[in-house]
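Nothing here was measured: the structure is a model prediction, and the numbers come from that model.
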Amino acid sequence: MSGTTWSSLLKEGTKILETAGIEEARLDAWLLLEHESGKNRAYYFAHAEEAADESVEEGYLELIERRAKHIPLQHLTHKGYFMGYEFYVNEHVLIPRQDTETLVEETLSVIEKKESPRILDMCTGSGCILISLLLEKEDAKGTGADLSLDALSVAEKNAKKLEVLNKAVFVESNLFSGEYFQEKENQIFDVIVSNPPYIPTEEIETLMDEVRFHDPYMALDGKEDGLYFYRIITKEAQKYLCPGGWLLYEIGCSQGDAVSRLMKDAGFVDIEIRQDLAGLDRVVRGRKPE
């Protein structure tokens with residue numbers, strides 16, 4: 001045992017993170033302590049003035065030092081929460097964000113009455129969007145496509161962990177150019193959903209350190225105006241959607257009108273912009289005509 005109590009260990013971790021300018025210093029310090037020790041809050045409050053295990057202290061302070069360098073908390077714990085589910089995450093995928101839950105909820109609303117819908121998640125990353133849809137709509141089946149083999153490995157791990165691997169297939173593809181789509185030209189989906197890279201290249205440097213230094217660059221960079229991937233996916237999606245099928249995107253909060261125009265020009269109808277819980281434009285959806 002070390003001579004350091006649980007309460008002093010938490011105080012030390014909090015102080016280091018505060019000094020490093022971590023916004024949620026106390027919360028992050030606690031979550032890292034919980035992760036390293038395996039002890040919950042009830043245990044902590046009952047034993048706060050008892051000595052912590054020396055191995056826990058050492059591992060905890062190492063994690064604290066890494067968090068102080070603005071490595072995201074989720075990369076340290078390998079846990080990200082989305083739609084009430086726990087996902088494995090690492091440096092190869094974007095950390096699931098609550099804003100993106102709006103995309104899942106909107107997708108569920110257009111497939112709720114569809115029997116055994118077929119879903120394509122383009123730029124699947126961690127797989128959190130597709131896997132959540134498969135968990136919420138039990139008769140659905142889906143494909144997750146991504147250019148990154150490292151991301152696909154994470155997605156498959158999550159599908160296995162959350163027991164939907166029997167309903168999902170994950171394929172390497174640069175948008176629709178991969179073998180899977182070329183060999184299966186008759187592969188038709190009821191809904192295509194995508195949270196593509198949409199940050200204009202020059203804006204990436206303005207993002208918080210946790211994002212610009214630690215999120216995968218290829219998952220952020222939407223090229224010059226942030227619309228590069230929307231243009232290609234919107235143009236190609238018609239080939240892979242059944243008549244009446246839906247295309248849904250997550251967007252940056254200022255991109256609603258531009259993405260809506262792309263969809264209108266491509267022949268989509270019933271185009272709508274939907275807001276997230278903060279009231280910001282977050283999703284654009286449209287339907288292929290019957």
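Open room surrounds CZ on R26; 12 or fewer heavy atoms of other groups in view lie less than 6.0 Å from it. Around CD of E272, the count of heavy atoms belonging to other residues, nucleotides or ligands within 6.0 Å exceeds 12. Heavy atoms of other residues, nucleotides or ligands lying less than 6.0 angstrom from CD of E115 number 12 at most. Applying the 6.0 Å contact sphere to CD of E50 captures more than 12 heavy atoms from other residues, nucleotides or ligands. In the displayed structure, Q98 atom CD is contacted under 6.0 Å by at most 12 heavy atoms of other residues, nucleotides or ligands. With a 6.0 Å radius and a threshold of 12 heavy atoms from other residues, nucleotides or ligands, K161 has its NZ atom above the threshold. Residue E58 qualifies as open at atom CD: its count of foreign heavy atoms under 6.0 Å is 12 or below.
Hydrophobic clustering (ILVMFWY, side-chain heavy atoms < 4.5 Å, transitive): L134 and V171 are in distinct clusters. Cluster membership for I232 and F189, using ILVMFWY side-chain heavy atoms within less than 4.5 angstrom, is shared. In this structure, I111 is not a member of the same hydrophobic cluster as L120, with clusters built from ILVMFWY side-chain heavy atoms closer than 4.5 Å. Each of L133 and V154 belongs to its own hydrophobic cluster when Ile, Leu, Val, Met, Phe, Trp and Tyr are linked at side-chain heavy-atom distances under 4.5 angstrom. Note on L175: it clusters hydrophobically with Y249, by side-chain heavy-atom contacts below 4.5 Å among ILVMFWY residues.
Every residue two or more places apart in sequence or in another chain was checked for a ring-ring contact (aromatic ring centres under 6.0 Å, His included) with F82, and none qualifies.
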**Evaluation steps, side chain to side chain contact (heavy atoms under 4.5 Å, CB included), between E65 and I16** = CA-CA 8 Å; E65 290 298 337; I16 291 169; 3.8 Å; yes
**Message:** Between L10 and W6, is the side chain to side chain contact (heavy atoms under 4.5 Å, CB included) condition met? List the steps.
**Reply:** CA-CA 6 Å; L10 180 61; W6 290 103; over 6 Å; no
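In plain terms, the two heavy atoms of K137 and K167 that are nearest each other are O-NZ, 3.9 Å. Closest heavy-atom contact between D146 and C123: OD2-C, 3.5 Å. When every heavy atom of G125 is checked against every heavy atom of V93, the shortest pair comes out as C-CG1, 3.8 Å. The minimum heavy-atom distance linking H78 with V89 is given by the pair ND1-O, 2.9 Å. For the residue pair I188 and L241, the shortest heavy atom distance occurs at CG2-C, 3.6 Å. Among all heavy-atom pairs drawn from F268 and A237, the shortest one is CZ-CB, 4.3 Å.
The backbone N or O of L9 lies less than 3.5 Å from no partner atom in the side chain of E57, so there is not a single donor-acceptor pair. Within the 3.5 Å criterion, the main-chain N or O of G142 finds no donor-acceptor partner in the side chain of R118. Counting only distance, with no hydrogens or angles, the side chain of Y180 and the backbone of F170 share no donor-acceptor pair below 3.5 Å. A donor-acceptor pair is defined here as one N or O able to donate and one able to accept, closer than 3.5 Å; such a pair exists between the side chain of H70 and the backbone of A20. In terms of modelled atom types and a separation under 3.5 Å, the side chain of D53 and the main chain of S55 share no donor-acceptor contact.
Atom CG of D121 sits about 11.0 Å away from atom CG of L248, to the nearest 0.5 Å. To the nearest 0.5 Å, atom CD1 of residue I22 and atom OG1 of residue T14 are 12.0 Å apart. We find the CG-OG1 distance between D281 and T102 to be 11.0 Å, quoted to the nearest 0.5 Å. Atoms CG and OG, on N158 and S153 in that order, are 10.0 Å from each other to the nearest 0.5 Å. To the nearest 0.5 Å, atoms CG (D265) and CZ (R231) are separated by 11.0 Å. Note that the CD atom of E49 and the OG atom of S7 stand 3.5 Å from one another [nearest 0.5 Å].
Between F176 and F181, the angle of the ring planes goes over 60°, which puts this pair in the perpendicular group of the 30/60° scheme. Ring geometry for W30 against Y44 counts as perpendicular: the plane angle is over 60°, on a 0 to 90° scale with 30° as the lower cut. The aromatic rings of Y85 and F87 stand perpendicular to each other, their planes meeting at an angle above 60°, with 30° marking the opposite boundary.
Side-chain contact check for M122 versus E236: every heavy-atom pair is 4.5 Å or farther apart. With a 4.5 Å cut-off on side-chain heavy atoms, H35 and L31 do not count as touching. In this structure, Q255 and L262 have side chains that are not in contact, with every pair of non-hydrogen atoms separated by 4.5 Å or more. S260 is listed as a side-chain neighbour of I273, based on a closest heavy-atom distance under 4.5 Å. Counting heavy atoms from C-beta on, the side chains of L135 and L162 come closer than 4.5 Å. The closest side-chain heavy-atom distance from Q74 to Y81 is not below 4.5 Å. Counting only heavy atoms from C-beta outward, the side chains of S194 and F229 never approach each other to under 4.5 Å. Contact of the K114 side chain with the D139 side chain is not registered, since no non-hydrogen atoms from C-beta on lie closer than 4.5 Å.
When only modelled atom types and interatomic distance are considered, S109 and R274 share no side-chain donor-acceptor pair under 3.5 Å.
Of the residues V283, D276, N195, L280, the one that meets the side chain to side chain contact (heavy atoms under 4.5 Å, CB included) test with D99 is D276.
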